[in-house]
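Structure first, then comments.
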There are 2 protein chains.
Amino acid sequence: MNGQFQIALHILTLLSRANDELLSSDYIAGSININPALARKEISNLRNHGLISSKEGKNGGYSLSKPSGQISLADIYQAVKTQPVLGSAKNMPNPDCPVGKQINKNIDLIYADLDKTLLEKLGNMSLADFSKQFD
Amino acid sequence: MNGQFQIALHILTLLSRANDELLSSDYIAGSININPALARKEISNLRNHGLISSKEGKNGGYSLSKPSGQISLADIYQAVKTQPVLGSAKNMPNPDCPVGKQINKNIDLIYADLDKTLLEKLGNMSLADFSKQFD
DNA sequence: TTCATCTGTAATAAAAAATATTACAGTAAA
DNA sequence: TTTACTGTAATATTTTTTATTACAGATGAA
């Protein structure tokens with residue numbers, strides 16, 4: 001679980017509390033305390049995953065593309081993740097060793113299992129619930 | 001979940017299959033395909049956590065310090081991890097923003113919850129079971 | 001006793017990954 | 001036609017991870 005998830009969750013929390021008002025990348029970046037271009041990059045990804053809508057030009061900005069009750073933390077994580085939650089085996093063990101030969105496969109099985117468990121838990125939490133904590 | 005866990009699991013799997021024979025850091029590193037000094041460093045940590053015994057000097061090497069059935073994957077992960085499984089919030093958000101002010105705390109709560117779930121699952125798997133897969 | 005073979009550990013270097021910065025083209029409102 | 005935005009690429013910097021080198025200390029055996 002990397003910093004992207006935290007940034008994504010922060011962005012979406014801000015948007016969920018913005019009541020249809022568009023937020024700019026400058027405002028968002030200011031709340032997270034990161035560079036606006038980096039915020040836009042993350043937003044761009046979330047937009048590609050159908051979570052955020054954007055409007056260009058003057059008075060442009062960002063908004064949620066669906067109600068926060070319909071966005072789960074699993075959706076957010078899925079949008080952000082490139083790998084199973086826990087990574088995947090990436091050593092290149094010795095193929096002449098009975099253990100080395102197949103350990104990556106066995107580790108990946110465990111990781112896939114844990115991944116499933118985690119995503120199930122995240123699936124039970126909505127952005128609306130998370131967002132409510134800030135009232 | 002980082003590469004350390006994979007290395008630790010690999011080391012312990014080798015030892016659990018060594019039947020009291022001591023394995024050298026050279027042999028272990030050769031199976032994992034990493035530098036022997038790095039293997040020794042990992043082993044040193046596992047030894048500090050009571051999982052491995054070592055013998056110095058000629059014909060020295062490493063062995064498990066208890067039966068593999070008494071070592072869970074959670075024990076291994078605990079020995080290796082420095083943080084909650086999923087990391088922890090590390091941005092420095094704007095404290096003047098109602099969201100920024102408390103988001104780290106709320107993220108950490110979620111991470112702690114997921115952490116607990118993961119460790120419970122890992123606690124149900126023993127090194128012996130993992131090791132058996134290589135027969 | 002002294003040589004060979006190990007571990008233990010620190011210091012350093014290199015590689016990889018994450019994050020930040022700069023820059024500027026494109027779009028839309030006023 | 002100026003101003004205030006987004007979109008995106010290129011680049012730089014920082015941080016983290018991993019690898020390497022080096023050598024002191026321990027132990028067994030010739």
Side-chain angles (χ1 to χ4, degrees), chain A residues 1-8 10-11 14-15 18 21-49 51-65 80-83 86-94, chain B residues 1-8 10-11 14-15 18 21-49 51-65 80-83 86-94:
Chain A
M1 195 82 103
N2 58 31
Q4 270 189 88
F5 179 70
Q6 295 170 34
I7 290 175
H10 195 141
I11 292 168
L14 290 172
L15 294 179
E21 193 188 342
L22 298 185
L23 301 183
S24 72
S25 63
D26 249 55
Y27 175 84
I28 291 169
S31 170
I32 309 178
N33 196 23
I34 59 174
N35 193 286
L38 191 54
R40 290 201 289 276
K41 197 171 163 192
E42 268 313 315
I43 289 166
S44 171
N45 178 52
L46 295 169
R47 183 163 43 83
N48 291 336
H49 283 85
L51 301 177
I52 291 181
S53 304
S54 66
K55 181 170 175 246
E56 290 188 38
K58 191 169 181 180
N59 303 330
Y62 305 97
S63 59
L64 285 189
S65 45
V80 148
K81 85 168 184 173
T82 52
Q83 297 192 318
L86 301 127
S88 53
K90 60 176 178 168
N91 293 324
M92 303 270 292
N94 188 339
Chain B
M1 195 83 102
N2 57 29
Q4 268 189 90
F5 178 71
Q6 295 169 33
I7 289 175
H10 195 141
I11 292 169
L14 291 172
L15 294 179
E21 193 188 343
L22 298 185
L23 301 184
S24 71
S25 64
D26 250 55
Y27 175 83
I28 291 170
S31 169
I32 308 177
N33 195 22
I34 60 174
N35 192 286
L38 192 54
R40 291 201 289 276
K41 197 171 163 193
E42 269 311 316
I43 289 166
S44 171
N45 178 52
L46 295 169
R47 182 162 45 82
N48 291 337
H49 283 85
L51 301 177
I52 291 182
S53 304
S54 67
K55 181 169 176 246
E56 289 187 38
K58 192 169 181 181
N59 302 330
Y62 305 98
S63 60
L64 285 189
S65 46
V80 148
K81 84 168 185 173
T82 52
Q83 297 191 317
L86 302 127
S88 54
K90 60 175 181 169
N91 292 323
M92 303 270 292
N94 188 339

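Here is the naming used below: chain letters follow the sequence lines, and residue numbers restart at 1 for every chain. Source: prediction; values computed, not measured.
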Exercise. Using atom types as modelled and distance alone, determine if a side-chain donor or acceptor of B/Asn91 lies under 3.5 Å from a backbone N or O of B/Pro93.
Key: no

Quiz item: Would you say A/Gln6's side chain and B/Lys90's backbone share a donor-acceptor pair under 3.5 angstrom?
Solution: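 Checked: pair present.
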
Quiz item: Looking at residues at least two apart in the chain, or sitting in another chain, which of them share a side-chain hydrogen bond (donor to acceptor under 3.5 Å, both in side chains) with A/Lys81?
Solution: A/Asp115

Self-check item: Minimum heavy-atom distance between A/Lys55 and A/Lys58, given as atom pair plus value
Solution: NZ-O, 4.5 Å

Practice problem: Heavy atoms only: give me the nearest B/Phe5-B/Val80 pair and the separation to one decimal. | Solution: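 Taking every non-hydrogen atom into account, N-CG1, 3.8 Å.
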
Residue-phosphate contact under 4.0 Å: [X] side-chain N/O, [N] OP1/OP2:
X	N	answer
B/Lys55	D/dG28	yes
A/Arg47	D/dG7	yes
A/Ser25	D/dT6	yes

For [X], check side-chain contact (heavy atoms from CB on, under 4.5 Å) against everything at least two apart and list the hits.
X	result
A/Ser65	A/Ser53
B/Ala29	B/Ile34, B/Pro36, B/Ala39
B/Asn59	none

Quiz item: Can you list, by residue number, the residues of residues 26-41 of chain A that have a non-hydrogen atom closer than 4.0 angstrom to DNA chain C?
Solution: A/Ile34, A/Asn35, A/Ala37, A/Leu38, A/Arg40

Self-check item: The single option from B/Arg47, B/Glu42, B/Arg40 passing side-chain contact (heavy atoms from CB on, under 4.5 Å) against B/Ser44
Solution: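 Of the listed residues B/Arg47, B/Glu42, B/Arg40, the side-chain contact (heavy atoms from CB on, under 4.5 Å) partner of B/Ser44 is B/Arg47.
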
Quiz item: Using a heavy-atom cut-off of 4.0 Å to chain B, what are the terminal contacting nucleotides of DNA chain C, in 5' to 3' order?
Solution: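 Counting from the 5' end, contacts occupy C/dA4 to C/dT19.
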
Exercise. Select from B/Ser24 and A/Lys90 the residue whose nearest nucleotide in DNA chain C is closer to the 5' end of that strand.
Key: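 Its nearest nucleotide being more 5', the pick is B/Ser24.
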
Practice problem: Assign each of A/Asn59 and B/Gly57 to its nearest nucleotide of DNA chain D by heavy atoms, then name whichever residue's nucleotide is nearer the 5' end. | Solution: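 It is A/Asn59 whose nearest nucleotide is closer to the 5' end.
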
Euclidean distance, atom [atom1] of residue [X] to atom [atom2] of [N] [Å, nearest integer]:
X	N	atom1	atom2	answer
A/Leu46	D/dG7	CG	P	12 Å
A/Leu23	D/dA4	CG	P	18 Å
B/Lys58	D/dA30	NZ	C1'	8 Å

